[in-house]
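Below is one structure, written out as structure tokens; the observations come after it.
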Amino acid sequence: MEDELLGSAVSRREILRLLASAPALLLGVPDLSGQRNLSGYWVLLMPTGDGNYRKSFLHLDQAGNTVSGSVMFFGRELPISNGSFKDGKLHFDVVVHFRQEAHTIAYNGLLEGGRIAMRVDFPNRPQVSGTAERTTRAATLPPKPLPLPALHHVPDNGLVRTPPMGWNSWNKFAGRVNDAVVRAAADAVVASGMHRAGYEYINIDDTWQGPRDRHGNITSNRKFPNMKALADYVHSKGLKIGIYSGPGPETCAGYTGSYGHEQQDARTYAEWGFDYLKYDWCSAARIYPNADLRPVYQKMGDALLKVRRPIVYSLCEYGMGQVWTWGSEVGGNLWRTTGDINDTWKRMDQIGFRQFAIAHYTKPGHWNDPDMLEVGNGGMTADEYRTHMSLWCLLAAPLLAGNDLASMSEETKSILMNREVIAIDQDRAAIPVSLVGSLGSTVVAARRLADGSHAIGLFNRNDRLEEVGIEWAAIGLEGKRLHARDLWKHQRVVVSGTHYSAKVPAHGVVLLRVRA
Ligand code: GLA
């Protein structure tokens, strides 16, 4: 959601429409540029560099040289401060709170011929310029909710009997994803051996979209010259390819969403050759109440089944409305259970260890999704990444790598491609993991596997080394002769008939597979 800081992206077509309406608006308002009073609504358009424009609205109120009001994007309205207008020069600041920190965005504009040429300084980002035009209040409001289908059971598409594995562009590349990045990811999945280890889907996340054409068909933007050719390329490597949209008019990064074009978009994805869709709530929140999450997601679930191509359906609505209780009913193969992950121990720990309570909602073809992997992105230690991977595998979470596959260290490879650990994730029986004891600063989790063995994670969430242990009686293994293997050290471990304990490094894990 980082791009929320920037406002939403719109197409050239919409800009032309907005500009075309400007003279009429100007006629209706008394000599705005002459009086030099900025009061009213403005639409601010800033080029994104891929053929789209970011759109936000300004609501300005000028009294003398002082300007107050707000900036609006994604239904959020943020007050402006330090507002002034003098000699045609406008200045104001907006404070946004992002990841619990306050950031000031500085706006500097010059009124010329009824338009404001605007420079915007975002914290830690290159300066952006754009143009603000007069608009109406009506233009700032979200579109109407669409009629929604009656609830019914969407038949299972039969896909992803084990959790999907692959790569997604967002965690590493965000808005910098393009055709070359996706091809390089496909090349690297094969060259690194990840494909042989089970990674299959190459998923394009947000910011691929361009405008709709005159028939309403979605197009890709300049970064993606030919989606069909790209899908063919990925398929030629023996892989599958995924795409991203959402039920609102705009995606989270402000690009064109599927609002009002659900069936048409599903058809387009199938024609291009896509095998996976991540469908992200975002701007739908401005249109539909949370009570409508289920029919809105069902609408796309139905649409995907109507096109004659198997397409994995990934719901992304951050766990709202207890999606794990109905995600499979609307045709979902996986559903996000939380807000966004990021590449920090704090966030991964917070998300990952919260999942045990809902682990039993997962079943073949329908998986809880605690978000994509951050392994290899550099913000955590190797121990922390091993904890991340171990936890996701015990949870039977989708394994979607989120790093740059073309430049992986040996250590990153050893984590992402640990086949003994992946085997837990992909275990056919999909028996839910459960906690042994309570969730605390140390955690013991166990999962029975198809062959009758047990995967056991001994986790240490503390900042210092701790001894973490399990009594075999807790999982019915007491008094048996046990064969145990450490899945990170790849070696046999000698265990007693009653219990096992190990010294686990700070934020680390010991992951065992134990057979009686
Ligand atoms: C949301 C999702 C992320 C990613 C971004 C893209 O934040 O939760 O996974 O898809 O949108 O804008």
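What you see is a predicted model; the values in this text were computed from it and never measured. Atoms within a ligand are numbered from 1 in the order they appear, just like the ligands themselves.
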Checklist outcome for this item: A student checking ligand 1 against Lys278 at a 4.0 Å heavy-atom cut-off should list atoms 3 (C), 4 (C), 9 (O), 10 (O)
Next on the checklist: For the 3.5 Å polar cut-off, considering only N or O atoms, please tell me whether Tyr318 and ligand 1 meet it.
Outcome noted: no
Next on the checklist: With a 6.0 Å cut-off (strictly less than), is the heavy-atom count around CZ of Arg428, excluding the residue itself, greater than 12?
Outcome noted: no
Checklist outcome for this item: If you compare Ile341, Asp205, Thr207 by their heavy atoms, the one closest to atom 10 (O) of ligand 1 turns out to be Asp205
Checklist entry - Which ligand 1 atoms does Asp206 reach within 4.0 Å, using its non-hydrogen atoms? => result 6 (C), 12 (O)
Next on the checklist: List ligand 1 atoms under 4.0 Å from Cys316, heavy atoms only on the residue side.
Outcome noted: 2 (C), 8 (O)
Checklist outcome for this item: The answer for which part of Asp280 has a heavy atom under 4.0 Å from ligand 1 is side chain
Checklist entry - With a cut-off of under 6.0 Å to the ring centre and 45° to the axis, is Arg336 in cation-pi contact with Tyr318? => result no
Checklist entry - Which part of Cys282 is near ligand 1, with near meaning a heavy atom under 4.0 Å away: side chain, backbone, both or neither? => result neither
Checklist entry - Between the main-chain N or O of Gly332 and the side-chain N or O of His366, is there a donor-acceptor pair closer than 3.5 Å? => result yes
Checklist entry - Which salt bridge (Lys or Arg N to Asp or Glu O under 4.0 Å) pairs, counting each pair once, include a residue from residues 261-270, with sequence neighbours left out? => result Arg212-Asp265, Glu262-Lys299
Checklist outcome for this item: Which of Val177, Ile243, Asp179 passes side chain to side chain contact (heavy atoms under 4.5 Å, CB included) with Trp208? It is Ile243
Checklist entry - Quick check: does Asp340 get an N/O under 3.5 Å from an N/O on ligand 1? => result yes
Item to check | Pairwise salt bridge (Lys or Arg N to Asp or Glu O under 4.0 Å) hits with a residue in residues 269-284, at least two apart | outcome: Asp205-Lys278, Asp275-Arg309
